[in-house]
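Just so it is clear: chains get the letters A, B, ... in the order the sequence lines come, proteins before strands, and each one is counted from 1. Model, not experiment: these values are computed from the prediction.
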Amino acid sequence: MFDELSDPDVVSWNSMISGCVMNGRSWNGLKFFIQMLHFGIDMDLVTLVNVLVACANVGKLSLGRALHACGVKTGCSGDVVFDNTLLDMYSKCGYLKGATDVFVKMGETTIVSWTSIIAAYVRKGLYDDAIMLFDEMQSKGLRPDAYTVSSVVHACACSNSLDKGRNIHNFIKKNNMALNLPVSNALMNMYAKCGTMEEAHLIFSQIPVKDIVSWNTMIGGYSQNSLPNEALELFLDMQKQLKPNDITIACVLPACAGLAALEKGRELHGHILRKGYFSDLHVACALVDMYVKCGLVVLAQKLFDMIPKKDIILWTVMIAGYGMHGFGKEAVSTFEKMRIAGFEPDEACFTSILYACSHSGLLKEGWKFFNSMRSEFNIEPKLEHYACMVDLFVRSGNLSKAYKFIETIPIKPDAAIWGALLSGCGIHHDVELAEKVAEHIFELEPENTRYYVLLANIYAEAEKLEEVKKLQTKIGNGGFKKDQGCSWIEIQGKFNIFVAGDTSHPQAKRIDSLLRKLRMQMNGVGYYSKMRYALINADDMNKEVLLCGHSEKLAMAFGILNLSPGKTVRVTKNLRVCGDCHDMGKFMSKTTGRDIVLRDSNRFHHFKDGVCSCRGFW
DNA sequence: CTAGGGTTAG
């Protein structure tokens, strides 16, 4: 119709521009604006406002500034709508100073001005300032509306401010604003980011008509909070009424990664290919990570290579992926390629490369990367980086160096750092140092049973059974929560879950006889039963049962019995693999001719022809 | 013909 107009006036042009901008075609709107100027039509207030919104949408700060000047020239600046739009344009283009300048110069401010300036601070990560502005606004007698509270709740989510978030939630309830969908979605997100999924779900369950953001928020929340089963279940529920989008997929994939749910992950990969979602970097990155964590590092690498525009997160995923699988050299060369591609490593990236070095015993390289953090990249190492370094010294056999290194750490070492040294004491049979280290740990985390178990195993290996008993009593009387050792294997989409000493599985007898047979063969070629490992989970004193019945052994045996000969047996365990199970994994791979890939809580072990990819670095 | 809010990967 516009094309048929003989003499379009400024209202006609404004209508076209507005139509474009409001329907996600901001670039087109800008084209109409340029054309309009060519036709010699003078812009008015409405034109300026529309085009400013287009600039905000596509981030065109230079044009936005020019329009600011036009507004001054034409007398539009000073109009509340113009100023509000201008403020938001600066904010969305990332120029906070521009936004605040507009805000302080405004004569009249409205709820829209305050909401926009609050959102501007949130965008820049200045959450406390945003929350302060929210309070200030109310003290000036302005009532926040649904738009305002959405932004402030978002600020609470990003800054992990659960208490402030709850306060605003109360305000929302009092003012009946929870009926507004973005408000409810923001609240759910806030609770999810603060780690309280029960509260998030309560809100979710009360929304009568959920939209895709509601579902994505909950699914992503479960994934981020290590509740992968809940995430997958909700994903199924969602599909009964809504089609997932690219964001949904990016939210579910981490759940597959957490469970090592390879078949579900492959299904999602198919969905990605059909919908063309692979071009979305979030999706592609989550997919690569999923394959890494399901054990298919070579496929992950192929997909990684196919992604033309990589970002720092994707590089980090690949570096961490190589690290988990013991490909330290590949991790280092990937890091170097990343540098050549022009990326500056950040904190998380250094965690990945240091982790990779420690898990492959690359002492020299690890040192080099660690020292470059400060000297080359101006990044102050955090506890996790120090922990990697302690790990690195420990694995390369230098306990006293590790101890001295801990003493140089400028931050107070946490239990994880001492824990790395403690497990090193286990590897190198140093009971005396272990006791010294354990004291530090028990002071920091008196209720974490992992470390008691670690120390108990060190005692057991040194055959100090009195000390073992003392610790067992301590754990028993402490009423501590024990981590139940648990392994699982997915076969045709079905998860078979095993716990230590489990005899309830329908195939328990077959599994048991296979394991007994293997044990006899192992003994026959010189392996001896390592009774000392029996303690690893500390939740059952029946050594005989445990020696043959650790959950990872059961799952590996089940895989061998139920997967056709050429197939790789892929087992996942929630805790670290025990030494005897590790020996048996190697042995199994040789005598049965099967590839076994075991993911434990720490890294991957690829057993093939009697050798493990970890080469002892675990 | 005009302004502000909620969901994604390490």
Trainee: Is A/Ser18 close enough to B/dT2 that one of its side-chain N or O atoms is under 4.0 Å from OP1 or OP2 there?
Mentor: yes
Trainee: In terms of side-chain heavy atoms of A/Ile313, which of B/dG10, B/dA3, B/dT7 is nearest?
Mentor: B/dG10
Trainee: At under 4.0 Å between heavy atoms, what does A/Asp79 touch on the DNA or RNA strands: base, sugar-phosphate, or nothing?
Mentor: nothing
Trainee: Quick check on B/dT7: is either OP1 or OP2 less than 4.0 Å from any side-chain nitrogen or oxygen of A/His282?
Mentor: no
Trainee: Would you indicate what A/Ile111 reaches in the nucleic acid, counting non-hydrogen atoms under 4.0 angstrom: base, sugar-phosphate, or nothing?
Mentor: base
Trainee: Any idea which of B/dG5, B/dT8, B/dG10 is nearest the A/Pro182 side chain?
Mentor: B/dG5
Trainee: Looking at OG of A/Ser372 and CZ of A/Phe335, how far apart are the two atoms once the value is rounded to the nearest 0.5 Å?
Mentor: 6.0 Å
Trainee: Which part of the nucleic acid, if any, lies within reach of A/Met22 when heavy atoms closer than 4.0 Å are counted: base, sugar-phosphate only, or nothing?
Mentor: sugar-phosphate
Trainee: What nucleotide, of B/dG5, B/dC1, B/dG10, holds the atom closest to the side chain of A/Val317?
Mentor: B/dG10
Trainee: Would you say A/Arg123 places a side-chain N or O within less than 4.0 Å of OP1 or OP2 belonging to B/dG4?
Mentor: no
Trainee: What nucleotide, of B/dC1, B/dA3, B/dG4, holds the atom closest to the side chain of A/Asp145?
Mentor: B/dG4
Trainee: Does a side-chain N or O from A/Lys92 land closer than 4.0 Å to OP1 or OP2 of B/dG5, or not?
Mentor: yes
Trainee: Would you say A/Asn84 places a side-chain N or O within less than 4.0 Å of OP1 or OP2 belonging to B/dG4?
Mentor: no
Trainee: I want to verify a distance call: between B/dC1, B/dA3, B/dG10, whose nearest atom is closest to the A/Thr110 side chain?
Mentor: B/dA3
Trainee: Does this structure show an ion pair linking A/Asp101 with A/Lys105, if we count only N-O contacts that are shorter than 4.0 Å?
Mentor: no
Trainee: Please test A/Gln301 against A/Tyr322 for side-chain hydrogen bond (donor to acceptor under 3.5 Å, both in side chains), starting from the C-alpha separation and ending with a verdict.
Mentor: CA-CA 9 Å; A/Gln301 178 198 34; A/Tyr322 282 133; 2.8 Å; yes
Trainee: Of the options B/dA3, B/dG10, B/dT8, whose atoms approach the side-chain atoms of A/Val112 most closely?
Mentor: B/dA3
Trainee: Choose from B/dT7, B/dA3, B/dA9 the nucleotide whose nearest atom is closest to any side-chain atom of A/Thr217.
Mentor: B/dT7
Trainee: Base, sugar-phosphate, or nothing: which does A/Ala146 touch, judged by heavy atoms less than 4.0 Å apart?
Mentor: base
Trainee: Are A/Asp88 and A/Thr85 close enough that a side-chain donor and a side-chain acceptor fall under 3.5 Å?
Mentor: no
Trainee: From B/dT2, B/dA3, B/dT7, pick the nucleotide closest to the side chain of A/Val53?
Mentor: B/dA3
Trainee: With a 4.0 Å cutoff (strictly under), does any side-chain N or O of A/Gln224 reach OP1 or OP2 of B/dA9?
Mentor: yes
Trainee: Using OP1 and OP2 only, check whether a side-chain N or O of A/Lys310 sits under 4.0 Å from B/dG10.
Mentor: no
Trainee: Charged N to carboxylate O below 4.0 Å: is that the case for A/Asp305 and A/Lys302?
Mentor: no
Trainee: At 4.0 Å (heavy atoms only), tell me whether A/Leu281 reaches a base, stays on the sugar-phosphate, or touches nothing.
Mentor: base
Trainee: Side chains of A/Tyr291 and A/Val298, heavy atoms from C-beta outward: is any pair under 4.5 Å?
Mentor: no
Trainee: Of the nucleotides B/dC1, B/dA9, B/dT7, which has the atom closest to the A/Val46 side chain?
Mentor: B/dC1
Trainee: Any idea which of B/dC1, B/dG5, B/dG10 is nearest the A/Asn14 side chain?
Mentor: B/dC1
